[in-house]
Amino acid sequence: MGIFRTVLMNASGAHHEEPKKGSYEWKKEHLTLEQLARTSDNKEKYSGIPAIPVDIGYNSGMNVGGAKKTGVMSNASSNPGVIIGMGLTTAALLGMFKSSFLGDKVGAQKMMQYRIMAQFFTVTALVAGVTIFGATYEDDEHAK
């Protein structure tokens, strides 16, 4: 049941939801005092937000030779053709919008053709970059 529905139903007094079996609230109602003393309240320990695994969060603490380059600039420097293609595609789209708003149907068609060419260039650059990376990649563990 959603949190808003639960709050609304509890505020109106129309519905009282039974605590889930196994929860601390259920245990308080159904266990003896001796059994309850051995049971801990894990409400603060387990929240509804999943934890970030250590191996992917916080740079994983595996950087031994300085900071690892991450982000857009690192990816752009590894395959600049994709970034150029994205820019050309965006420029063609903006030109198409401008021509459409001005009522120039022939100009809009021309810009649509330019957009398709730019997308073809982008996909080709992406595939070429992956192919070149795959051909030149050397696994450090395999080399040892």
Side chain to side chain donor-acceptor pair (under 3.5 Å) partners of Gln119, counting only residues at least two apart =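 For Gln119, the residues satisfying side chain to side chain donor-acceptor pair (under 3.5 Å) (neighbours in sequence not counted) are Arg115.
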Side chains of residues 98-113: which donor-acceptor partners sit under 3.5 Å, not counting sequence neighbours?
| from | atom 1 | to | atom 2 | distance (Å) |
| --- | --- | --- | --- | --- |
| Ser99 | OG | Gly95 | O | 3.1 |
| Ser100 | OG | Met96 | O | 2.9 |
| Asp104 | OD1 | Gly107 | N | 3.2 |

task = Taking all heavy atoms of Thr122 and all of Val82, pick out the closest pair and write down the distance.
result =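 Residues Thr122 and Val82, closest heavy atoms: CG2-O, 4.0 Å.
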query = Transitive ILVMFWY cluster of Leu88 at side-chain heavy atoms under 4.5 Å: who else is in it?
reply =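 The other cluster members (ILVMFWY side chains, heavy atoms under 4.5 Å, direct or chained) are Ile84, Phe121.
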task = State which residues pass side chain to side chain contact (heavy atoms under 4.5 Å, CB included) with Thr131; sequence neighbours excluded, sorted by chain then number.
result =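 Expected list: Val127.
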message = Please tell me whether Leu93 and Met117 are part of a single hydrophobic cluster in this structure, the criterion being side-chain heavy atoms less than 4.5 Å apart.
response =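 Yes; tracing contacts between hydrophobic side chains, which count when under 4.5 Å, links both residues.
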key: same_hphob_cluster(Ile116, Met86) at 4.5 Å side-chain heavy-atom cutoff   =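 Not linked; separate clusters.
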All ring-ring contact (aromatic ring centres under 6.0 Å, His included) counterparts of Phe120, not counting sequence neighbours =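 Partners of Phe120 by the ring-ring contact (aromatic ring centres under 6.0 Å, His included) criterion come out as none, since no residue qualifies.
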